[in-house]
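Labels below follow one simple rule: chain letters A, B, ... track the order of the sequence lines, proteins then strands, and each chain is numbered from 1.
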2 protein chains.
Amino acid sequence: MSSPPTSDPRRTLTLRDVSEASGVSEMTVSRVLRNRGDVSGTTRERVLEAARRLGYVPNKIAGALASQRVNLVAVIIPSMSNMVFPEVMTGITETLEDTGLQPVVGITNYQPDREESVLYEMLSWRPSGVIIAGLEHTEASRAMMAQAGIPIVEIMDIDGTPVDSAVGISHRRAGRQMAEAIIAAGYRNIAFLGTMMPYDHRARKRLEGFEDALSKAGLAMVDREFYSGGSALLKGREMTEAVLTRSPNVDFLYYSNDMIGAGGLLYCLHKGLDVPGQIGLAGFNGVELLDGLPIRLATMDACRHEIGRRAAEIIAGKTHGGVIGGDIIELFPTLQRGDTIRG
Amino acid sequence: MSSPPTSDPRRTLTLRDVSEASGVSEMTVSRVLRNRGDVSGTTRERVLEAARRLGYVPNKIAGALASQRVNLVAVIIPSMSNMVFPEVMTGITETLEDTGLQPVVGITNYQPDREESVLYEMLSWRPSGVIIAGLEHTEASRAMMAQAGIPIVEIMDIDGTPVDSAVGISHRRAGRQMAEAIIAAGYRNIAFLGTMMPYDHRARKRLEGFEDALSKAGLAMVDREFYSGGSALLKGREMTEAVLTRSPNVDFLYYSNDMIGAGGLLYCLHKGLDVPGQIGLAGFNGVELLDGLPIRLATMDACRHEIGRRAAEIIAGKTHGGVIGGDIIELFPTLQRGDTIRG
DNA sequence: CTCGGATATGTTAGCGGTAACGGCCTGACG
DNA sequence: CGTCAGGCCGTTACCGCTAACATATCCGAG
């Protein structure tokens with residue numbers, strides 16, 4: 001039943017409390033806590049002890065306002081349940097780890113107006129940089145980013161014009177490459193299975209590149225099937241059944257992502273189809289999950305981890321007094337043939 | 001080539017800029033932008049127009065400092081690539097959506113000291129509440145949370161003593177329940193396959209509950225296998241092979257999560273084993289992915305979405321002037337027998 | 001016409017830190 | 001013994017915004 005040292009017990013502590021408890025000025029406490037400027041060893045000890053004893057947690061809001069420095073990096077991505085963005089995040093986090101910078105995530109659910117409001121909200125906290133997925137944004141979003149006066153890195157995609165910097169792969173090229181490999185393997189009746197893509201621009205670009213290569217070879221997509229929402233694995237299974245029923249002559253299934261591809265693969269194996277002889281399959285992303293499947297789905301690694309790493313490096317570099325110029329870094333995904341393309 | 005209205009073109013804008021551009025005081029601008037207090041229609045229009053034209057983004061740092069209110073909720077979880085936490089996040093986000101509160105995520109990678117530093121970092125931004133996974137924290141972490149003077153909700157687990165509120169399930173009971181169902185189905189030679197769990201307390205508690213029920217029935221675990229890192233699906237496959245090779249008499253495989261369970265299931269099916277006659281399997285979590293498998297793995301739904309929802313409701317309620325009392329909300333997972341337990 | 005009370009806008013004083021600068025003291029050096 | 005650099009610590013003035021209060025304006029009732 002001891003009473004607290006001074007005043008209100010539940011008031012949150014400030015520098016002044018630590019200052020009084022340790023008998024030095026607030027400024028000195030601030031210096032100790034930030035490890036900046038010269039403070040004698042004994043004073044430092046006294047201050048640290050007092051801070052620890054009181055359970056003082058600095059107020060970064062006040063600190064940021066005074067110093068005009070915020071150690072946050074806004075990361076704006078469409079989704080987290082996607083298996084692709086967690087890995088990008090890992091790359092970002094790793095790289096930022098020892099720069100004093102901290103990522104803060106915002107989710108847009110692939111909705112441009114939601115992206116705009118998330119961006120607005122994040123910018124209002126004056127972060128040191130922005131990492132944002134994709135090159136397609138609303139006019140207002142682009143304007144905000146251009147105005148913000150901080151490094152902006154648009155990631156995943158480089159088929160377009162970034163506001164500032166960009167790190168990613170060419171999805172159009174990725175689609176084309178996959179198509180070429182499939183054609184070279186002798187498949188001719190190719191179907192596409194993928195997301196409904198009003199706003200999944202990267203899936204759209206892959207499809208465009210893919211169809212481009214098909215038509216160059218005098219071919220056209222034989223069938224296509226779209227989905228949205230639900231368990232991707234299950235959707236892959238269902239869509240595959242639908243396509244194979246509707247178009248029995250199909251000899252290749254190109255999926256817009258690995259998850260539905262995996263579902264499709266499981267379905268084909270279950271039905272006892274000869275993969276890759278009778279029918280071939282390919283996905284996109286190179287997700288870890290594929291390693292656990294009975295046979296390995298053909299895919300393309302989207303360089304997710306490195307994209308995160310490189311983007312974070314750009315932010316960190318510019319924050320610590322780098323140049324202003326916008327860099328465009330293109331990465332090159334590798335085609336993994338797996339066991340589902342013959343040849 | 002027009003020059004900017006005043007001074008430095010790249011300086012970030014403040015209320016004063018909007019104030020000057022619209023000919024009213026900063027205070028009035030502030031009122032308009034926050035939709036608070038009485039402002040005439042014409043003034044409001046003029047201010048909004050000016051703000052839009054200039055591309056003004058308010059500085060929440062200054063706002064928060066002045067108003068002593070921060071619309072952020074700290075959410076601290078072990079991992080994002082886990083399939084379980086994204087769904088909790090969805091529940092949180094949904095519920096917070098129209099409260100003006102915004103979740104901010106921190107990741108601990110199951111490391112207590114990392115949790116401590118993430119917590120410290122987040123508390124230094126003075127959030128309106130904290131949602132944190134688990135009941136086990138360092139002494140310092142518990143002290144910080146107790147001191148913070150804001151609502152704290154510990155989620156996922158209720159087998160223990162929360163700092164303030166808690167929302168979750170009893171993992172011990174969940175393990176026990178699963179064991180009872182398995183025993184009732186007539187399986188007797190049961191093996192456990194799961195994560196190495198220095199800090200995955202929930203997996204540990206499930207195992208404890210499970211073994212508890214086994215021993216009550218006069219049984220003991222026949223074999224066990226642990227993993228850490230890597231593709232869970234693949235690990236499930238590998239561990240299953242290891243166990244079945246080492247202990248051919250095993251007739252049930254209890255997995256600590258659905259992902260490795262799915263890997264094991266695929267392995268068993270691939271080997272042509274009779275599931276669930278010859279061998280049974282069960283996982284934990286009720287992840288969506290299972291819907292896409294050839295047959296449905298037995299599992300227990302961990303109520304992830306509802307946990308997120310309820311936790312967010314507690315925070316929102318207390319923030320908007322609710323009571324202080326710590327609530328403990330227990331949810332009850334449902335056993336989904338699927339097709340991998342006979343009977 | 002006067003006056004009370006909305007309604008609309010401005011003024012002042014911080015919020016809790018930090019940058020910048022200044023003062024004091026010590027010890028080395030000419 | 002004066003001087004001065006450098007270590008150590010305090011003072012002052014904000015950072016950009018908002019709470020609280022003060023002031024002006026307008027309207028209709030009495």
Between B:Ser40 and C:dT9, does any side-chain N or O lie under 4.0 Å from OP1 or OP2?
-> yes
For B:Arg16 and D:dC17, give me the distance from atom CZ to atom P, rounded to whole Å.
-> 11 Å
Enter the distance from B:Asp159:CG to B:His201:NE2 here, rounded to the nearest 0.5 Å.
-> 12.5 Å
Beyond-backbone contact of B:Gln68 with B:Arg126, side-chain heavy atoms, under 4.5 angstrom = no
Is there a side-chain polar atom (N or O) of A:Thr43 under 4.0 Å from OP1 or OP2 of D:dC9?
-> yes
Mind calculating the distance between CZ (B:Arg36) and C1' (D:dC21) to the nearest angstrom?
-> 18 Å
Phosphate OP1/OP2 of C:dG17 contacted by A:Tyr56 side-chain N/O (<4.0 Å) | yes
Atom-to-atom span, NZ of B:Lys60 to P of C:dG16 - whole angstrom = 20 Å
Nearest-nucleotide wise, let me know which of B:Thr28 and A:Thr14 is further upstream toward the 5' end of DNA chain C.
-> B:Thr28
Which of these nucleotides, C:dG16, D:dC17, C:dA19, is closest to any side-chain atom of B:Leu65?
-> C:dG16
Nearest whole angstrom, please: distance from the P of C:dA20 to the CZ of A:Arg69.
-> 9 Å
Between B:Leu13 (CG) and D:dC15 (C1'), how many Å, whole number?
-> 16 Å
D:dC17 phosphate, OP1 or OP2: any side-chain N/O from B:Gln68 under 4.0 angstrom?
-> no
Among C:dT9, D:dG16, D:dG10, the one nearest A:Arg31 by side-chain distance = D:dG10
Measure from the side chain of A:Asp38, starting at C-beta and using heavy atoms only, and say which of D:dC8, C:dA8, C:dG14 lies closest.
-> D:dC8
Indicate, yes or no, whether a donor-acceptor pair under 3.5 Å links the base of C:dG16 to the side chain of B:Arg126.
-> no
A:Ser30 side chain: which of C:dT18, C:dG10, D:dC17 is closest?
-> C:dT18
Do A:Ile77 and A:Val88 have side chains that get closer than 4.5 Å, going by heavy atoms?
-> no
Using the salt bridge (Lys or Arg N to Asp or Glu O under 4.0 Å) rule, take B:Glu306 and B:Arg309 through it: C-alpha gap first, then chi angles, then the decisive distance, then the call.
-> CA-CA 5 Å; B:Glu306 189 174 4; B:Arg309 219 168 44 67; 3.7 Å; yes
Nearest-Å distance, CD (A:Glu26) to C1' (D:dC14)?
-> 14 Å
Are B:Arg34 and D:dC17 close enough that a side-chain N or O sits under 4.0 Å from OP1 or OP2?
-> no
What integer distance in Å separates A:Leu33:CG from C:dG17:C1'?
-> 11 Å
At under 4.0 Å, does any side-chain N or O of A:Ser25 touch on OP1 or OP2 of D:dG10?
-> yes
Is the count of non-hydrogen atoms from other residues, nucleotides or ligands lying under 6.0 Å from A:Arg16 atom CZ greater than 12?
-> no
Is there a donor-acceptor contact under 3.5 Å from the side chain of B:Ser128 to the main chain of B:Val70?
-> yes
Whole-Å gap separating P (C:dT18) and CG (A:Asn59) = 9 Å
Among D:dC9, C:dT18, D:dC17, the one nearest any side-chain atom of A:Met27 is C:dT18
